[in-house]
Structures are given as structure tokens and as C-alpha cells.
Amino acid sequence: MPMIEAALQDELRKQGVFITTLEDLYNWGRKNSVWPLQFGLACCAIEMMAASMARHDLARFGAEVFRPSPRQADLMIVAGTVTKKMAPQVVRLYNQMPEPKYVIAMGACAISGGPFKQGYNVLKGIDRYIPVDVHIPGCPPRPEALLHAFMTLQEKIDAQALSGPNRPRHMRADEPSEFPVPKFGDHDLEPPHNKSVWSPPGAAGQS
Amino acid sequence: MNATYSSELFIGIFLVLALLFALAPLVVARIWAGCFSPQKPGPDKNATYECGLESRQDASVQFRSEYYLYAILFLVFDVEVVFLLPFAVAFGQLSVGASLAMLVFVLLLVEGLAWAWMKGVLRWT
């Protein structure tokens, strides 16, 4: 795709001619209408609700339309502790979302297990099963942190190529749209993590 | 404005425009999917959405046909209340004919209740 030179674009804009590329237009539309899935797991969801209310006003980013069905959602905010009992449902919901889809892991629990990391029943980070785009630390993160994650996600969406070798996952026919849903095993979830998404620290170089 | 337009022509134009308005996004989406974004259906994505849980049974279950009796009984009392309330409010100003008509109406509903009673529907065991 021939890219328009920034200088030429600037010069034309001074003359009152606005030109853009299909990619820019597409990403501009996408990043300003990210619809999250209405889905909260624990106390971080309270902060997520606060972020969508009038004071913090998620609507400024075009993301106030929380959808009650994954069929209409673009973004999954994993807000809170993911217990091992809940993990298969979270992965299945992610699988049921249409492409392109994004995940924000909100809070210490969702990114790593948080204060329950040593517990027997809490998943140590949802990124073991599904690809997470933005991680937010904090316990719980304030709504401002969620807004910052939104802006980070918008930057990421804006930079995604429509074609070429660097195009994102949802543009590739060979990349999966669904990720295996873990099953309840005797002691733990089976498999304990999805190898194509996550591998234990230190073992990353081996596989 | 001397030209004469037939109103049917406008309906026809609107019909075509409405059809195009509905079909164009679908066509654009299909072209977009063919050019850039490949479709990726899968067993999970095509599955019935049940709040993330696996759906366990067929969604189209049969209800017992005896439930129609409850529906009829509900209708008897529901319709009765809807009409009795304005009847009671306007009772002082009603003519004899209107009162008689209302009486017939109430008797019809009472007949339905009596029928259900005789059939043993009111026995909640």
C-alpha cells in the first residue's frame, strides 16, 4: 500500500484538501468505538463502573456502550479475580466474541493472581489462556488507570496495519480466533496454561 | 411545479432505496471480509451464548399443554379487573342498557370460571 508522505499530507491540508488512507480511516473508526463486554468478576468491576459514570466518563472515548452479549463486544475487560472455576467461562466468552477483539486485564488479580497468588483456587493471570493487550496493575486500579489503559489500547489499535506481514492476528486466516477452553482436572485446570499464549518465566527461550 | 407525480412511483423509489440501505452494509462487510479480515467461525463462537457456560440441552423445550388452563384462568380475572374498574368508577352515570351489557359481560366471565371450577382446575394439589 503506497503511504502518503506526511509532508505532502500537511501541505494539502493547508490548501484545504484532506486526504487519508483506508487504514487510517478504518483504525480511526475502530479506536473510537470500542464496545466493552459488560462483565465484571470482582471489586475491580466497581472501579470499571465508576469509570463509565459521569465523573470519569468513559463515553469520551466512545467506549461507554457496555454490551450484555459477547456477539456485539470488541473489548473484554477482565475486571477482578479470575477463580479457576470461572476461568473456562472467561475463555469461552472470549471465544464467542467476534474479531477484532481485545482484552484489558484490570487489576493485580487479573494480571497475576494478586494477593491470592498463593491460593489454590485463583488463576495466576488470565494471560495464561487468552492474549491480553493491556495489563493494569493496582489493587484496585483507579478509574484513571482504566482510562489510561483505554488510551493505550487506542494507540495500539491505531497502529495496526491493514495488510502486509505486520498485520494483527485477526487479519490472518491462519491464526486462531478461538483458544482452548480449560477443563477441570483432578487438582488443577487442564491444561494449566495455553502454550501458544503464555509460557512460564525462564522457559520462554526453550520452546 | 406543473409536473405530475404518481404516489406509487415514490413508494417504489423508497422501497428500492430502503432495500439498498439495508443490503449495502452487508455487501460491504462481505467484501471487507474477503479483502482483509478473514472469517473464522468455530465451535465456541457458533455455540449458543449462555453467559459463558456450555449450553446443556436443546433450547427448544416443550411445555406441558395443561398450562393453557392457567392461562385461561388468568385471562378471566385479568380481563374482569380491567373492565370492572372503569365500570365501578362510572357506575353512577351509566344507563340501564350499559349496566345490563356489563352484567352480561361479567356473567360470561363467571361462566368461564364456573367451567374451570367444574373441570377441577381450581384444586391446587
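Numbers restart at 1 for each chain; the letters A, B, ... are given by sequence-line order, proteins then strands.
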Review point. Heavy-atom distance under 4.5 Å to chain B: side chain of A:Val181, backbone, both or neither?
Key: side chain

Study note, to complete from the structure: Taken to the nearest 0.5 Å, the spacing of A:Tyr26 OH from B:Trp32 CH2 works out to 5.5 Å

**Study point:** B:Cys35, part contacting chain A, at a heavy-atom distance under 4.5 Å
**Key:** neither

Check your understanding: How about residues 41-49 of chain B versus chain A: which residues have heavy atoms under 4.5 Å apart?
Key -> B:Gly42, B:Pro43, B:Asp44, B:Lys45, B:Ala47, B:Thr48, B:Tyr49

Check your understanding: Using non-hydrogen atoms only, which part of A:Glu178 is less than 4.5 Å away from chain B: side chain, backbone, both, or neither?
Key -> side chain

Check your understanding: Is a donor on one side and an acceptor on the other found under 3.5 Å between the side chain of B:Lys40 and the backbone of A:Arg172?
Key -> yes

**Study point:** Pairwise side-chain contact, B:Ser37 with A:His170, heavy-atom cut-off 4.5 Å (strictly under)
**Key:** yes

Review point. What residue, out of A:Glu99, A:Gln89, A:Met97, has the most heavy-atom pairs lying under 4.5 Å from chain B?
Key: A:Gln89

Check your understanding: Pick from A:Arg71, A:Glu175, A:Met86, A:Arg167: which one has the most heavy-atom pairs with chain B under 4.5 Å?
Key -> A:Arg71

Check your understanding: At a heavy-atom separation under 4.5 Å, does A:Pro68 approach chain B through its side chain, its backbone, both, or neither?
Key -> backbone

Revision key, fill the gap. So, the part of B:Gln39 with a heavy atom under 4.5 Å from chain A: the answer is neither

Exercise for review: Verify the neighbour count for atom CZ of B:Phe91: are there more than 12 heavy atoms of other residues, nucleotides or ligands below 6.0 Å?
Suggested key: no

Review point. Around atom NZ of A:Lys117, are there more than 12 heavy atoms of other residues, nucleotides or ligands at under 6.0 Å?
Key: yes

Check your understanding: Does CD belonging to B:Glu50 count more than 12 external heavy atoms closer than 6.0 Å?
Key -> yes

